[in-house]
Amino acid sequence: MVWKWTGIRRKKSDTTVHNSAVTENSSLISHNDRSQKSDYASVVTDDFCHLPDHEADILRKQVIVKSVATKFFSLYRYATKKDQILLGLGFVLAVISGVLRPLMTVLMGNIAQLFVTYRPENELYEYSRGQEGHEQTWNLNGTDQITPYDGASYYVVTPEEFQLQINQLALFFVGLAVTDFVASSINTYIFIDRGEVLSSRIRKKYLESTLRQNMAYYDKLGTGEITTHISTDTLLIQEGMSEKVGQVTANITTFIAALLVAFTRSWRLTLVLIGITISVLVTMTTALRYMVKFYRRSLSGYSAGGTIAEEALSSIRNVQAFAIEDRLAIQYDQLLAITENWAHKAGMVLGFMSGMMWFFMYCNYALAFFQGSRYIASGYLQISQVMSVLMSMMMGSFFLSSIPPLLRHVANGIAAASKIYTAIDRDSAVDPYAPGQSFPEDEVKGSIEFRDLKFIYPSRAHSTILENFNLAIEPGKTVALVGASGSGKSTIIGILERFYNPVGGHVYLDGHDITKLNVEWLRQHISLVSQEPVLFACSIFDNIAYGLIGSQYENASRIEKDALVIDACKKANAWTFISKLPLGLDTQVGERGFLLSGGQKQRIAIARAIVSNPKILLLDEATSALDTKSEEVVQDALDAASKDRTTIVIAHRLSTIKDADLIVVMSKGKIVESGNHKQLIAKQGEYYRLVEAQKIEALKQEKTHQIEAHSDDNLVDSESDAESGKLSSTAYDSSSDDQENEKADLNLSRTKTGRSVSSIVLGQIPEQQISAADSIWTLIKFLLQMTRKENKYLLIGTICAAINGLGHPSVSILYGLSITQFRNSQTNDTDVLRNIRVYAGIFFALGWLQASAFFLCNATLSFVGQRLVRKIRYQTFRHIVRQDMAFFDKKENSTGKLTAILSQHAQSVEGLSGATLGQIMNAVFNIVAGILLALSVAPKMAAVFVGCVPLMIGCGYGRFSMLARVQEQTRKLSEESAGYACEAIASVRTVTSLTRERDIIREYDAHLAAQVHKNRLPTIKSASLFGGAQGLQFLVMGLGFWWGARFIYNGEYSVLRFYIAFMSSIFGAQNAGIVFSYAADMSKAKIATQSIKDLFQLEPEIDTWSNGGEILNPESVEGDIEFRNVHFRYPTRPSVPVLRGLNLKIKKGQYVALVGASGCGKSTTVGLIEEFYRPLAGQILFDGHDVNSLNIGNYRSHLALVQQEPVLYAATIRDNIKMGSLENPDDISDERLVEVCKQANIHDFIASLPDGYDTLCGTKGVLLSGGQKQRIAIARALIRQPKVLLLDEATSALDSESERIVQAALDQAAKGRTTIAVAHRLSTIQNADRIYVFDGGKIIEEGTHFELLANQGKYYELVQAQALDAGK
């Protein structure tokens, strides 16, 4: 994460949005203005300009990302012929649905003509025009003509003809309803289904393209950003091309068809109104351009925030250990502020556009009535023509004004597609799928030659890592690379694996330049075991079987694979512990293998590497995480596996490479000496000094006798404790004991004891109750509580929405009055024209009021909505990092899923805020006001009209509830697929080295296909309900006219009352249908809000927010730690005992070491001290206080943790170290920073970098070597000045020289504080005040180094296994 976010302080005129990826607009490659479309060769200045052109070009090609411009049809770029046909059918049906609506205006015009000209029997008489010789005939139905009374009279409709015409027109409405139901249902289903299919293809293509990228691409692009793209941006694309497109198409068609109808009825009147239509189009086009621009910048801001979230969640132990949750949340919120700012601007533009739409619609009313009355008065038009034009323009404007909220989704989709397609279209500098050379398997010998190699990391262009590097490796030989951290050892492996391209020189495999070989073929002949083992969230068998990809056994049967996997496990010393697991090879390892210890993970990784019997084996600190016993066995297996294959070993622990054929000592990217172990020892050069630094101090004979006498009285009975350890051995214990004896002991244990203490405690823990779903009103109150500071703006927006909602009832009154005036035009033209002018003026004024209210409504609701989204993401992040480790251990809470939740849930709530919320509130006020008005004006008539409203609402609600279930199912499936993709991206180096790209895409595609298939049936039901709601509008309209005509026929209500009641209530029912067109958004928002509320109510057992508990005075803290009969099992695997009655006492200021086999409980002990978990039974005391009774934040402030796998963030070195401080990072002086870095032996390296302490570490510290990362992590711990220092393999990644210096610094730092070190490399803890040897969750030996050697027990065996014979 970027601690000092530069984008926050930019000038408002600066339109560049920070992006953690390297783009053409990024700081890495700066172009001139307007250089978006230029090639990278046109670069004026960048970080590579100081290099020769050919070297700069090589580096640029590895990092440059060229933006892709997207348009609407870009969303469908992956549509097949079948998709195009179906989408074409969907477009046609959407067009048909849109055309049907304007046809209704013709019917409404004819009905208006009937109502105006109808006279009951007792009112039949002639109306003289006063124009001699003029005769006017009115065509009511296009075929029949009413005979006039005389040549100077207007004609009226008789009761019989009136009823006949009304019945016929009502049947036309029924026909339109059936047609619209069919068209709307089918087109909605097609768009939703094809949207899911095409978005799945885009997700697949994006992941596929991302996995093909070279490593320099990931050095600048955070995995959280990629997860955001794949979980959120693809969802935006899906929404932008699904049913919203069908609705937009239908609405646009309605607008165009309405214009055509208007032109056919009266081209002159339509031309008068066309200027307003043009204004509408210009306004929409201009506003849409700004909306896309602002939404794109909003998405860019959150992408960077996604990286912070992903890094924090993937390193949650480090985050909680150093109590940096709030610091990270602040940095996350700063990026959310950028997103909020741009999204609010987009919302204001949308509000302006919506307001102008409504203003233009009211202008249509004003002009149509004003000019139409003049045409009627002059005899140029009939009432039916004017009303058809009026209703067509009204309908066209109405549906056009409902387009902007829908277009927002399309605009979001287009903006998101730009980012997705930019990644998809990027050409990788090292593409595993690109064609290349290969040669027959029998010719692959494993000869490797590095010739005149020069290498520079693209992200550190000013530092040359390798220069003129030359090394030849003969086939079948084992070559070891040793040297200080940062000397270029791991870089050699990265180049050989084609992770990066060198800027000079060549690498040859059996005489072939590897740059010309097919990358995938090359990697399939190389196996890599990295320093930090990466396992995937699947079974042990699957993890190891991935090593068979590309081999002849890739598609072998399970039986054949089982044999190969078991054989590999035996060679890697992993089979013994695997065979004791309840599910054996089918045991799930959890996300990143968290259910296994570090040594167990490493052994499975080794088994995966050797299962395919590769020609070339790369071991990058392959045994660094193993205990001594396992290391000895595994090293023998690796030595045997190295025969007949080329092996390159990187090692800091020199005991593992003393038998190598060639040892190459490197320093600053060059070879300083080479030879075998004996030759280099004889030279007494650099290698000799490294060996001497690792030798464990020999025990003098006379010292032994003295200590033996002392130890006999003090040491515990090793054999007894060892036996106890065996009896308590579990499925996850060390595999170094004899299996048969272990089984016998285990059986004996079961006969002696009943249920264990842990089992009894677990049985008393009540099962968690599943909370019931909250009501919608409860969820609304929850959201209102979150926006309490913004509720005044929400109130303003609500008032404006009420004004907007009252607009339509007001229109119904003006509409009815105008129709009545047309009826009176037969007797008094002057009064009619005067009254119409008044009504037109009111329409115009009402338009301004509505426009202002719409803009203010959208502006305020957009502000509230975006602030709510920001708060949800911020608070969700804080609540997630607040949870204890038991929460993160659960499969459903993987990093990928939690990152997706952060992104998607807020996005879902956002879909129901801003313009969409304004539209819904507007419709609600419209419905309520319209119903009240209708009932007050014509209660008998309105009773049926109002009765239709529940039908409309019920149909919409049915779709809403259906979509809620669909969305819940989709959410779960989407989280699973997003989590799977995130895991692949987070482990991209392992994925790449295993050539798992195609395998991952195949599995990911299966996830997506299952998701699409499961959603089909619910989609059909949902689309049918939507079509029913659309068709019901026509039925309701037909019923309304037919029912109202009966009252007009009887003379019970006037035409004025009919139109007021009809328009206010029936059009209110139509608005109810519009409300539920947002059913999908409403269902997503409800589910997301429920999930967010549940998370907010989740209180962890170990709560970092708690103010309770005893707070210790820092001055009085000593650092005493005691374990009293502690029993512990991990919450996610309660059947597996870990600690069984652990008793341990550590006095203040002591340096205590915990040693033992992998899985024996050492790291668990450290986790319990940090209070990541709480013991099931027993007590852990800190200065005599039960840690459960202490305030967790205050307690952890006295501790500092350095983990086995160092955790760094995408910030500068300075910021990473300052994260360990308890005080404000800005208050830490450079002098203090330099002091702790010198103690950790990292200052000289940092000072040698061009940017010094301001050098970026890259995502997860990828720009630094393992040793460099570890030393920075140590400096971060030391700056905390803790009372208790916890070192979990803190020096495992250091070279010998650095280890010696750092160990001396740690020894010095340990003075005056309690230090607890977990160690496999025993040379690092030989000076410890007390050494505890673990086995089976208990301590079997304890004492000093000399006491334990004198005892000649298990510790003695461990020491002997690590001893280096320098004389050989």
Side-chain angles (χ1 to χ4, degrees), residues 1-6 8-9 308 311-312 315 318-319 321-331 334 460 462-463 485-486 1113-1115 1117 1119 1193-1194 1196-1203 1206-1258 1261 1263-1264 1267-1287 1290 1298 1301-1315:
M1 74 251 3
V2 180
W3 282 97
K4 294 184 178 178
W5 178 251
T6 56
I8 298 172
R9 299 180 180 177
I308 290 181
E311 286 193 328
S315 59
N318 192 74
V319 168
F322 286 96
I324 56 176
E325 300 98 321
D326 290 339
R327 297 188 200 177
L328 296 178
I330 291 172
Q331 298 303 316
Q334 288 175 342
R460 297 207 308 264
H462 292 275
S463 300
S485 295
N1113 184 351
E1115 302 297 328
V1117 172
N1194 174 263
R1196 284 180 180 164
S1197 69
H1198 304 297
L1199 313 177
L1201 172 66
V1202 181
Q1203 299 181 85
V1207 175
L1208 297 185
Y1209 302 99
T1212 64
I1213 294 175
R1214 181 191 307 276
D1215 292 328
N1216 267 288
I1217 296 174
K1218 285 184 176 182
M1219 270 190 260
S1221 66
L1222 296 172
E1223 55 196 280
N1224 189 330
D1226 294 333
D1227 296 336
I1228 298 174
S1229 65
D1230 288 344
E1231 290 77 14
R1232 184 176 166 195
L1233 198 67
V1234 170
E1235 179 185 354
V1236 295
C1237 288
K1238 286 182 176 178
Q1239 291 177 13
N1241 191 32
I1242 191 65
H1243 172 71
D1244 292 340
F1245 164 73
I1246 297 174
S1248 68
L1249 297 172
D1251 294 327
Y1253 282 87
D1254 294 320
T1255 301
L1256 287 173
C1257 299
L1263 301 182
L1264 302 173
Q1268 292 160 353
K1269 287 192 290 184
Q1270 192 65 287
R1271 283 179 282 167
I1272 291 174
I1274 292 171
R1276 178 173 58 200
L1278 294 178
I1279 204 171
R1280 195 173 179 82
Q1281 296 181 331
K1283 293 292 185 179
V1284 178
L1285 185 61
L1286 305 174
L1287 308 174
S1298 297
I1301 298 173
V1302 170
Q1303 193 60 49
L1306 288 175
D1307 292 343
Q1308 181 66 28
K1311 293 180 179 178
R1313 63 169 57 96
T1314 305
T1315 304

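The structure displayed is predicted, hence computed values, not measured ones.
At distances below 3.5 Å, at least one donor-acceptor pair connects side-chain atoms of Arg1280 with backbone N or O atoms of Gly1220. Judged by distance alone, with hydrogens and angles left aside, the side-chain atoms of Lys1218 form a donor-acceptor pair with the main-chain N or O of Pro1225 at under 3.5 Å. Looking at Glu311, its side chain does come within 3.5 Å of a backbone N or O of Ala1210 through a donor-acceptor pair. Under a 3.5 Å cut-off, the side chain of Ser315 and the backbone N or O of Val1207 do not form any donor-acceptor pair.
Rounding to the nearest 0.5 angstrom, the gap separating the CD1 atom in Ile330 from the CD1 atom in Ile308 is 11.5 Å. Expressed to the nearest 0.5 Å, how far CD of Gln1203 lies from CD of Gln1270 amounts to 9.0 Å. In this structure, the separation between CD1 on Ile1279 and CG on Leu1222 is 10.0 Å, given to the nearest 0.5 Å. In this structure, CG in Leu1208 is found 8.5 Å from CD1 in Ile1213, a value given to the nearest 0.5 Å. Residue Gln1268 holds its CD atom at 10.5 Å from OG1 of Thr1255, rounded to the nearest 0.5 Å. In this structure, CG on Leu1233 lies 5.0 Å from CD1 on Ile1217, to the nearest 0.5 angstrom.
A salt bridge is defined here as a Lys NZ or Arg NE, NH1 or NH2 lying under 4.0 Å from an Asp or Glu carboxylate O, and Asp1230 with Arg1214 meets this definition.
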In sequence, state the C-alpha distance, the side-chain angles, and the governing distance for Glu325 and Val319, and then conclude on side-chain contact (heavy atoms from CB on, under 4.5 Å). CA-CA 6 Å; Glu325 300 98 321; Val319 168; 3.7 Å; yes
